[in-house]
4 protein chains.
Amino acid sequence: MPNRLPNTPPPRGAHRSSPRWRRLPEERPRQILDAALEVFGERGLAGARLDDIARRAGVSKGTIYLYFPNKEELFREVVRAVVVDRLRQAAANAGTGDPVQELERYLRAHWDFVLSPAFQTIFKLVTGELHNFPDLAEFYGREVVMPANQLLAGMIRRGIERGDFRQVDPVLAAGFMASTAITHSTWCARRHVFKLLTDVTDEQVFEQLLDFIFHAIRVTPAPATPVGAE
Amino acid sequence: MPNRLPNTPPPRGAHRSSPRWRRLPEERPRQILDAALEVFGERGLAGARLDDIARRAGVSKGTIYLYFPNKEELFREVVRAVVVDRLRQAAANAGTGDPVQELERYLRAHWDFVLSPAFQTIFKLVTGELHNFPDLAEFYGREVVMPANQLLAGMIRRGIERGDFRQVDPVLAAGFMASTAITHSTWCARRHVFKLLTDVTDEQVFEQLLDFIFHAIRVTPAPATPVGAE
Amino acid sequence: MPNRLPNTPPPRGAHRSSPRWRRLPEERPRQILDAALEVFGERGLAGARLDDIARRAGVSKGTIYLYFPNKEELFREVVRAVVVDRLRQAAANAGTGDPVQELERYLRAHWDFVLSPAFQTIFKLVTGELHNFPDLAEFYGREVVMPANQLLAGMIRRGIERGDFRQVDPVLAAGFMASTAITHSTWCARRHVFKLLTDVTDEQVFEQLLDFIFHAIRVTPAPATPVGAE
Amino acid sequence: MPNRLPNTPPPRGAHRSSPRWRRLPEERPRQILDAALEVFGERGLAGARLDDIARRAGVSKGTIYLYFPNKEELFREVVRAVVVDRLRQAAANAGTGDPVQELERYLRAHWDFVLSPAFQTIFKLVTGELHNFPDLAEFYGREVVMPANQLLAGMIRRGIERGDFRQVDPVLAAGFMASTAITHSTWCARRHVFKLLTDVTDEQVFEQLLDFIFHAIRVTPAPATPVGAE
DNA sequence: GATGAATGAGGGTTCATTCAT
DNA sequence: AATGAATGAACCCTCATTCAT
């Protein structure tokens, strides 16, 4: 009956014969991908409705099919394009100064990033859905996890070479650092639902985390307790 | 599996050599919960089909509804019953001996547990779906995360009091340890999809993890430079 | 395939070795039929659940199938046995005295009956479901409507012969009387939902109804004062 | 009817000579409501299948949900739209001339209407299902029963004032007239199932009904038998 | 005879996908 | 290019019916 649904974006000019302003069609895919990231993040792959994605992107449902052949491929593109894009730009600020300072700077950036809603969303998707998409999983490992780990491991390696850090496996140590930040960040982000960590700020947590990490790898005059190592 | 084809009219007088079902009311809920855990883990809440859960449990679809009012409540029960059950038994072996040895023992048990398929599944569900179930999230925080953290924090606290560990926030340190193990374990479990860490064994990873953790908190005879603190 | 026909006389109890107390099995069918009448009346044929009928009859669901081959046949039996039974007993008190007084007495009984919950239920079933059961409909017409109509028409006919009533078609007039009572009674019974007739009592309505009916058929020799009105 | 077999994969490039559907959004609700009226009338609320309604409306099942949120609401709309619509138009031809003639004209229209399949259906639904829908019942009383009764009562009242009719309660008398017509019409409509009234035509019945009704309310010279008053 | 756990076809409802406009 | 009405397969859930106990 009503020929215009609620939530319809502002009606474009009723001028027909005259050249009217158009939304740039080249932005469509990005609009859709951004909207899809949000909805997939909230509802998961199966739970997300194309209707919602379309509405949030400000387009109609049919339009999605002009750019993506189906829901699953849209999901692939979300991970491929949006995720990689965002993670890349987060990993970009790699300096080459003092390893200790550089590491600290990097960890702070990492912490800020993993606390961001964007990352929380991505992490959820990766954890929950990626195992059904082997190609995407490999892609994610190759394009996201690996480079980030390389970057971090490189810093640690240089620190070891300069005598700042003790002899650890740089790759594994990098993994420990990143993973600690990641999981802990999800707990921080869920304080209100888990009713946990309600009396410390994110910043305090991060400082303790830094302290924890640096103690774990810095050189130490003498080992206190030789545990767990043979 | 079903010995009667769909749409086949009931074979009224057909003599059957084996009964179509047996009466096992005491075992049904557990069978269903176990099957549901698997399927939810593979497909998520929205993607799981009750048909699959039923088939995997060896019962018919209708039977599920004799024990659980609907899919969502089944999901709740899966998390409640299975998770709590398994996590509790994992946390049960808490000794009270030498904090260092005890901590090491606990971390090993924790590591083994988080590497198990059961935990991997649960973790996926918690990460991906729990934010839509506030009551479950709170329940999970209260019944699972909190107790495990208390246990671990207690060991650390005793280690600090005995002079084995340095002054750290026991609760946060416990969180770091657990989270490191958790996230890293998911990476280990996904070596084959991420194509990462393919040249080290789980055991080697764990040893490095222990080394990392103990260095992070053990007392250090001589002060090093205070990093990461301003 | 059903090894027991409907209307089978109550199965006598198999002698057991030990005499234990039993609920009288010969009452089962009637218990079930009574419960079924209620539930069918409330929910209709399709909407009624055997579970509810069983519960209301105080038996288990399977027990119903010991006495009735399926739901539809149970419905048939409800109409056949219970409905006819009740309608018959209501119609039974037919005297043979003064036609006018007899008619009045009969109409009063009729009015009381159509106001009863039992009749309301039956009327609902007959109106709503019977057209899908041609055999039942014919049966109902033959066993219920026809006899009642005959009875009423007989009184009218005798009244005409005696000069009390004017020349009308006794059968049609009987139909008008009964139908007026029937439909109007459903309105009375639904005062609270229709929000109608809320300021008159059932008795007042009946008196007006009597007045209406008798004016419609009595001979009218000369003008007189209105009856049944104050 | 469906030109695509179930489970057949979508024939992507299959050229179809005729379009699968046409766009008729303005007509859809009415088509669906009409079909629903029929099916609800035949099977009742619980027994009606949306599949059947859809097929009879010439649309697919999903289309119904574009216009009605669910089955129950569709039922509501059927009663609301169809009933009110038709009854309104039936009540529209209310003149203001000679009460006697007007009443006769009205009763004839009423009789024709209650004999129509549409009304028979509605009456069945109202009788059988309305008690589960209190809001609809109230609506029906307010919008249908009440206005029709008012109209009829008005004619009677004017007839009384002009001395054509005797002193009766106009509202109750109107009820008697309408109800007689209604119930009796259902009997007429069911002659073939009840095997009753098979030797008189609807027209003959109506003439007798008119005679019955007019005798009931017209002024009469003298009371024949003082009945129904004590 | 009686029970009620188990079954599975059926129906309401959703939503990815298509396509006339 | 964009729309959104229409479709129909798929899925959750119900409940009549069966049958081991």
Side-chain angles (χ1 to χ4, degrees), chain A residues 3-5 8 22-23 25 28 46 48-52 54 59-67 69-72 74, chain B residues 2 4-12 16 19-25 28 46-52 54 59-67 69-72, chain C residues 11-14 16 22-23 25 28 46 48-52 54 59-67 69-72 74, chain D residues 2 4-12 16 19-25 28 46-52 54 59-67 69-72 74:
Chain A
N3 51 11
R4 176 178 298 280
L5 292 174
T8 301
R22 299 179 281 121
R23 276 175 296 176
R28 282 287 138 71
R49 287 173 305 200
L50 287 189
D51 256 327
D52 290 342
V59 300
S60 79
K61 208 166 28 159
T63 300
I64 295 177
Y65 284 84
L66 294 176
Y67 299 99
N70 56 45
K71 191 185 186 184
E72 190 175 307
L74 172 60
Chain B
R4 195 194 286 186
L5 290 176
N7 275 333
T8 302
R12 295 258 178 168
R16 251 181 246 93
R20 274 193 301 156
W21 41 264
R22 264 166 304 147
R23 210 178 267 247
L24 297 168
R28 286 278 176 272
R49 285 172 303 194
L50 287 187
D51 256 326
D52 290 342
V59 301
S60 78
K61 209 168 26 163
T63 301
I64 295 177
Y65 287 86
L66 294 177
Y67 300 98
N70 55 46
K71 190 187 189 183
E72 189 174 308
Chain C
R12 278 129 293 153
R16 296 292 160 72
R22 303 178 277 123
R23 274 175 298 177
R28 281 290 135 73
R49 285 173 308 199
L50 287 187
D51 255 326
D52 291 342
V59 302
S60 79
K61 207 168 25 162
T63 300
I64 295 177
Y65 283 84
L66 294 175
Y67 299 99
N70 55 45
K71 190 187 186 182
E72 190 175 307
L74 172 59
Chain D
R4 196 194 284 185
L5 292 176
N7 275 334
T8 302
R12 295 257 179 167
R16 255 181 244 90
R20 275 193 300 158
W21 40 263
R22 263 165 307 147
R23 208 179 269 246
L24 297 168
R28 286 278 176 272
R49 285 171 304 195
L50 287 187
D51 257 327
D52 291 341
V59 302
S60 78
K61 209 162 34 152
T63 299
I64 295 176
Y65 285 86
L66 293 177
Y67 299 98
N70 55 46
K71 191 187 189 181
E72 190 174 307
L74 173 59

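Please read these numbers as outputs of a predicted model, since none were measured by experiment. Proteins get letters first, then strands, A, B, ... in listed order; numbering begins at 1 in each.
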Self-check item: Sugar-phosphate, base or nothing in reach of B/Ala54, heavy atoms under 4.0 Å
Solution: nothing
Quiz item: Are any non-hydrogen side-chain atoms of C/Tyr67 and C/Leu74 less than 4.5 angstrom apart?
Solution: no
Quiz prompt | Rounded distance in Å - OH (D/Tyr65) to P (F/dG8) | solution = 16 Å
Self-check item: Exam field: side chain D/Lys71 to backbone D/Arg49, donor-acceptor pair closer than 3.5 Å
Solution: no
Quiz prompt | Stem regions touching DNA chain F, defined by at least 3 consecutive Watson-Crick or wobble G-U pairs below 3.5 angstrom | solution = E:2-21 with F:2-21
Exercise. Name the closest nucleotide to the B/Asn70 side chain, picking from F/dT17, E/dA6, F/dC13.
Key: F/dC13
Quiz item: Are any of A/Tyr67's side-chain N or O atoms less than 4.0 Å away from OP1 or OP2 of F/dA2?
Solution: yes
Practice problem: Nearest-nucleotide wise, let me know which of D/Leu66 and C/Arg49 is further upstream toward the 5' end of DNA chain F. | Solution: D/Leu66
Quiz item: Does the side chain of D/Arg28 get closer than 4.0 angstrom to OP1 or OP2 of F/dA5 through an N or O atom?
Solution: no
Self-check item: Atom pair distance, as rounded to whole Å: CG in C/Asp51 and C1' in F/dT17
Solution: 12 Å
Self-check item: DNA chain E: 5'-proximal contact among D/Gly47 and B/Val59 (nearest heavy atom)
Solution: B/Val59
Quiz prompt | Interatomic distance where CG belongs to A/Leu50 and C1' belongs to F/dG4 [whole Å] | solution = 14 Å
Quiz item: Is there a donor and acceptor pair, one atom on the side chain of C/Lys61 and one on the base of F/dT17, closer than 3.5 Å?
Solution: yes
Quiz item: Which heavy atom of C/Tyr65 sits nearest a heavy atom of C/Asn70, and at what distance?
Solution: CE2-CA, 4.0 Å
Exercise. Could you tell me the separation between the CG atom of C/Asp51 and the NZ atom of C/Lys61, rounded to the nearest 0.5 Å?
Key: 4.0 Å
Quiz item: Distance check: side-chain N/O of A/Thr63 vs OP1/OP2 of F/dA2, anything under 4.0 Å?
Solution: no
Quiz item: Taking for each residue the nucleotide of DNA chain F with the nearest heavy atom, is it D/Ile64 or B/Lys71 whose nucleotide lies nearer the 5' end?
Solution: D/Ile64
Self-check item: B/Leu66 vs B/Arg28, side-chain contact (heavy atoms from CB on, under 4.5 Å): CA-CA, chis, key distance, verdict
Solution: CA-CA 9 Å; B/Leu66 294 177; B/Arg28 286 278 176 272; over 6 Å; no
Quiz item: Contact class for C/Ala46 vs. all strands (heavy atom < 4.0 Å): base, sugar-phosphate, or nothing?
Solution: nothing
Quiz item: A/Asp52 CG to E/dA16 C1': how many Å, rounded?
Solution: 13 Å
